[in-house]
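One-based numbering along the sequence shown. Just so you know, ligand 1 is whichever comes first in the structure, and atom 1 is the first atom listed for that ligand.
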Amino acid sequence: MAALFASFVAFVTFEVAAASNFSPSLPPQSVFIDTRSFTVIGKNGTFRSSTFETTFNPTSTAPPFFQIFDKGFIKVLGSSPSFSEIASTPGFNFAHEAPIYVPETDELFFASKDGHIGEGGNNRVSKISMAEVEAALKKNSTGAFNVTVTPLELSDTIQMTNGGTGPFRSQLLLANSGRGPLPPSIALVNPKPPYNSTILLDNFFGRQFNSLNDVKVHPSGKIFFTDVNYGFLGGFRPTSLMPNQVYRFDPNTGVVRVVADGFDKCNGLAFSRDGKTAFISDSGAIGGDATQMQPTTLYAFDVDSTTHAFKNRRVFAYVDAGIPDGIQLDTNGNVYSGAGDGVHTWDSEGTLLGKFFLGSTAPNMVFAGKGRLVILAETKIYMAKIAAKGFDLGGR
Ligand SMILES: *[C@@H]1O[C@H](CO)[C@@H](O)[C@H](O)[C@H]1NC(C)=O
Ligand SMILES: *[C@@H]1O[C@H](CO)[C@@H](O)[C@H](O)[C@H]1NC(C)=O
Ligand SMILES: *[C@@H]1O[C@H](CO)[C@@H](O)[C@H](O)[C@H]1NC(C)=O
Ligand SMILES: *[C@@H]1O[C@H](CO)[C@@H](O)[C@H](O)[C@H]1NC(C)=O
């Protein structure tokens, strides 16, 4: 991989701080990559052969850093961003999915990928203190450090948490994939000890879901979630019984309905702040009979104002590295998605502004207080302090 990488770099020129469009200077830890510098690689050049094998980094900068493709990204970053590794556990994908920020306690919750009770076990939900992160950053804003990671003891009705948002009604809102015969579910978990939980939904008219993947609250207060057969493909769920699709659940009436289908593997989910636009990532290019001809694509939809059905599906962005995964938006309508080389950011029209470049997979991210973007990267967690801000994800 390193060798391929080196040869790719050799045939592509790029521009750094001197780029005239960005005078007088770029923010710290950033590199401007002029798109014109790689429009032609040429017959002697080395081309990437896969979205998975090599990432696109025609620079000599070591990650983490900001790749700027469009000057709009400078607005996102502000003039004095920082980008640091804040926790790591080599060999354990402790920071995979379901990032939830709880302002009241200034804590961030997330779920691991791997089981922690031996092979085939349940995964683990943990938390970190953002106050502890801030204290460490004060000592060294660019250095890597390890904040304390505190695992939670949750009820065993919570199996293989893969999605999370909120707080919703002051609780964590989780999408659980289920494990073996234990059903996938939408659940509330108290973000404070004793971390008691309440299952809100675990079936569709008596049938178990495939394996729930992600969840978001629409401004109307309805809960939307994606269901995809990754639990079966991962060997921890039985054969799937329904298409991979997106559901709306009304927590007041209990009514569940499908709002979008036709996906290969619907994965991440997010709404614009006004709730009028929905975004779904389709990670069809991994799992099962996947090939690279299947999507690594973010789709945008109009959300019907009364039924909340997803209408007018269109391609929002096709991701060049790995697959698109978790999605968040900022207050300016920019869209962030996890990908195979970090977090990608587009403006509301789907123009790629830049990347929070890690050179490795970042399944999900969340704004954890103003200007703090926390990125889950499997064995590591990163924090970027930037100008952009998130908004309340708890609905009405
Ligand atoms: C491509 O490689 C050939 C053979 O090594 C060399 O003669 C030629 O100058 C190269 N062309 C470019 C544009 O580098
Ligand atoms: C901060 O951390 C970086 C990377 O570990 C190190 O190179 C640098 O010397 C540190 N700075 C201070 C002030 O400790
Ligand atoms: C964080 O702790 C892990 C062991 O749990 C260690 O391997 C890693 O190097 C540490 N990172 C830093 C920046 O100290
Ligand atoms: C946990 O218990 C407290 C106290 O009984 C209750 O207020 C809260 O709603 C419970 N949370 C969940 C998610 O069940």
Enquirer: Does a side chain donor of either S360 or E378 reach within less than 3.5 Å of an acceptor in the other side chain?
Expert: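 Result is no, nothing qualifies.
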Enquirer: Determine, for K192 against E107, whether the closest basic-nitrogen to carboxylate-oxygen distance falls under 4.0 angstrom.
Expert: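 Salt bridge: no.
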Enquirer: If we ignore angles and hydrogens, is there a donor and acceptor under 3.5 Å between the side chains of S50 and Q292?
Expert: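 Judged by distance alone, the side chains do pair up.
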Enquirer: Any idea which atoms of ligand 4 are less than 4.0 Å away from a heavy-atom of T198?
Expert: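 What qualifies from ligand 4 is 12 (C), 13 (C), 14 (O).
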Enquirer: Using a 4.0 Å heavy-atom cut-off, which part of A144 comes near ligand 3: side chain, backbone, both, or neither?
Expert: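 Near ligand 3, A144 shows its backbone as well as its side chain.
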Enquirer: Side-chain heavy atoms under 4.5 angstrom apart, residues restricted to Ile, Leu, Val, Met, Phe, Trp, Tyr: same cluster for V215 and V303?
Expert: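 In one cluster with V215: V303, no.
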Enquirer: List every atom of ligand 3 that sits less than 4.0 Å from any heavy atom of P90, numbering the atoms from 1 in the order shown and giving each element.
Expert: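 Answer, ordered by atom number: 3 (C), 7 (O).
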Enquirer: What residue and atom, counting heavy atoms only, is the protein's closest point to atom 4 (C) of ligand 4, and at what distance?
Expert: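 Of the protein heavy atoms, N196 ND2, 4.6 Å lies nearest.
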Enquirer: Give the residue and atom name of whichever protein heavy atom lies nearest to atom 8 (C) of ligand 3, and the separation in Å to one decimal.
Expert: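 Going by distance alone, atom 8 (C) of ligand 3 is nearest to S88 OG, 3.5 Å.
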Enquirer: With a 4.5 Å limit on heavy-atom distance, are the side chains of L353 and Y336 in contact?
Expert: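 In short, these two side chains do not touch, never coming nearer than 4.5 Å.
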Enquirer: Suppose I only count heavy atoms of L188 and a 4.0 Å limit; which atoms of ligand 4 are within that range?
Expert: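 Those qualifying, in numeric order: 13 (C).
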Enquirer: Could you name the option among V147, T379, T89, N146 that has the heavy atom nearest to atom 11 (N) of ligand 3?
Expert: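 Selected option, by shortest heavy-atom distance: N146.
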Enquirer: For ligand 4, which atoms, with element, lie under 4.0 Å from some heavy atom of Q171?
Expert: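 So the answer, numbered in order with elements, is 11 (N), 12 (C), 13 (C).
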Enquirer: Check whether the side chains of T379 and N93 place a donor and an acceptor atom closer than 3.5 Å, and report yes or no.
Expert: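 Side-chain D/A pair, T379 to N93: absent.
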Enquirer: Mind checking the CG-CD spacing from L373 to Q328? Nearest 0.5 Å is all I need.
Expert: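 With rounding to 0.5 Å, CG (L373) is 8.5 Å from CD (Q328).
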Enquirer: Going by the order shown, which atoms of ligand 4 are within less than 4.0 Å of some heavy atom of N190?
Expert: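 Counting from 1, the qualifying ligand atoms are 1 (C), 13 (C).
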Enquirer: Quick check: does N44 get an N/O under 3.5 Å from an N/O on ligand 1?
Expert: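 Right, the criterion is met.
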